[in-house]
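Contents: one structure, followed by commentary.
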Amino acid sequence: MAEEMGDEGVKSVSEGRDVHFPVMTGEVMEALNVQPGHWYVDATLGQGGHSRAILEAGGSVVAIDRDPKAIEKAREDLLPLYGERLRLVCMNHADMGEFLSRAGLVVSGVVLDSGWSMPQASEDGAGLSFDGEGILDMRMDPHLRTTALDILENRSAEEMAAIFSNFGDEPLAMVIARALVQSRSRGRLPRTPKELAAFVSGVYYRRGYRRSRRHPATRVFMALRIVVNGEIDSLVRGVSGVRPILVSGGRLAVLTFHSREDREIKHLFRSWVREGWGRLLQSKPVLPGKAEIQKNPRSRSAKLRVYIAT
Ligand SMILES: C[S@@+](CC[C@H](N)C(=O)[O-])C[C@H]1O[C@@H](n2cnc3c(N)ncnc32)[C@H](O)[C@@H]1O
């Protein structure tokens with residue numbers, strides 16, 4: 001079995017349910033170079049790790065999350081501590097540029113830490129845990145229409161293979177997609193995370209794969225999650241939207257966990273540099289150190305890219 005079976009998302013569920021360690025906080029803080037009294041945007045509030053670090057350094061934060069539960073938690077935990085210096089906004093960060101410019105806020109830095117937080121991934125209804133027995137949902141925002149099960153029920157083998165390959169780097173994308181379509185025609189489509197995880201494991205097992213450091217279904221789960229939530233589109237729209245509202249010297253720090261996301265950010269940042277709008281803090285992405293990976297295995301696939309507006 002391939003040693004590297006994909007990353008983030010589901011994999012991390014088995015590595016400590018409900019515990020979310022903010023990733024590369026030291027590196028993010030260094031990148032943002034927080035100035036007391038200035039405003040920063042945390043485009044992915046989650047459990048509030050990065051927001052809290054900025055607030056502790058004296059910055060003020062507009063914290064955004066599309067998950068109402070993340071906002072509610074911060075309302076209870078962080079708002080009483082930081083008051084006026086923290087503003088909470090429940091929205092898709094895809095639209096944050098427009099929202100922030102309408103609010104007339106001068107922004108000195110933005111951090112975006114893509115993906116899911118640990119408590120979201122282990123929620124019963126989320127459909128991300130390999131042993132979940134609810135319906136395969138995977139929607140981060142309850143208003144989204146398409147669930148992961150909808151994809152399995154309605155897409156052709158070619159469409160599913162493209163999803164698994166493009167958004168999960170799944171090497172057996174076509175084999176798995178064809179097997180799913182075959183099962184569907186017999187009325188035996190996997191309908192829960194547990195069934196899908198077992199199904200993908202079965203495909204790998206039949207191809208002679210026996211052992212893996214990671215669950216064989218990791219890549220398929222990640223691909224479905226990214227597509228269900230339109231994650232790449234939101235990332236690109238969100239990051240593109242905040243560039244024009246950064247002050248001169250303002251910093252944009254983006255953490256990604258998947259090659260496709262990192263590629264998008266790399267190309268975006270490079271195109272801005274070519275246009276003469278800013279520069280990169282470093283040409284290569286910053287990676288987590290060994291100690292962090294040991295403490296928080298979810299961080300191992302993280303890549304941090306930082307753009308500085310001129
Ligand atoms: C990896 S967690 C962030 C963890 C956070 N940095 C911390 O320190 O706890 C990602 C968070 O971003 C949110 N999120 C993901 N995509 C989003 C989007 N398009 N718009 C707004 N929030 C989003 C998720 O709901 C989740 O809470």
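Whatever order the structure lists ligands and atoms in, that order sets their numbers, starting from 1.
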Would you indicate which of Val111, Val23, Asp65 comes nearest to atom 25 (O) of ligand 1 when only heavy atoms are counted? Asp65
Residue His50 vicinity, atoms of ligand 1 by number, heavy atom under 4.0 Å: 6 (N), 8 (O)
Number the atoms of ligand 1 from 1 as they appear, then name those within less than 4.0 Å of a heavy atom of Pro22, with their elements. 8 (O)
Six-ring centre of Phe21, Arg298 cation under 6.0 angstrom, axis tolerance 45°: no
Is a salt bridge present between Arg75 and Glu72, judged by a nitrogen-to-oxygen distance below 4.0 Å? yes
Note: Glu264-Arg260 ion pair, threshold 4.0 Å (strictly below): yes
At a 4.0 Å threshold, what atoms of ligand 1 neighbour a non-hydrogen atom of Ser234? 19 (N)
Honestly, for Leu45 the part within reach of ligand 1 (heavy atoms, under 4.0 Å) is backbone
With atoms numbered from 1 as shown, which atoms in ligand 1 lie under 4.0 angstrom from a non-hydrogen atom of Asp67? 25 (O)
Below 4.0 Å from any atom of ligand 1, is there a heavy atom belonging to Met91? yes
Logged contact type for Arg298 with ligand 1, heavy-atom cut-off 4.0 Å, is side chain
Run the numbers on Ile151 and Leu224 for side chain to side chain contact (heavy atoms under 4.5 Å, CB included), then give the verdict. CA-CA 8 Å; Ile151 293 176; Leu224 287 170; 4.0 Å; yes
Applying a 4.0 Å heavy-atom criterion (strictly less than), which segment of Met140 is in contact with ligand 1: side chain, backbone, both, or neither? side chain
Ligand 1 to Asp113 polar contact by distance, N or O atoms, under 3.5 Å: yes
Is Gly48 in polar range of ligand 1, meaning some N or O pair under 3.5 Å apart? yes
Gln47 heavy atoms, cut-off 4.0 Å: which ligand 1 atoms fall inside? 7 (C), 9 (O)
Gly49 to ligand 1: N or O pair under 3.5 Å? yes
NZ/NE/NH1/NH2 to OD/OE distance under 4.0 Å, Arg191 and Glu153: yes
Between the side chain of Glu84 and the main-chain N/O of Tyr82, is any donor-acceptor distance below 3.5 Å? no
Ignoring hydrogens and geometry, is there a side-chain-to-backbone donor-acceptor pair from Thr310 to Trp277 under 3.5 Å? yes
Within 4.0 Å of some non-hydrogen atom of Thr44, the atoms of ligand 1 are 3 (C), 4 (C), 5 (C), 6 (N), 10 (C), 11 (C), 12 (O)
Between Asp262 and Arg305, does any NZ, NE, NH1 or NH2 come within less than 4.0 Å of an OD or OE carboxylate oxygen? yes
Decide whether a cation-pi geometry holds between Arg85 and Trp39; the criteria are a distance under 6.0 Å from NZ or CZ to the six-membered ring centre and an angle within 45° of the ring axis. no
Do Asp150 and Thr147 pair up side chain to side chain, a donor and an acceptor below 3.5 Å, judged on atom types alone? yes
For ligand 1, is there an N or O atom under 3.5 Å from any N or O atom of Ser114? no
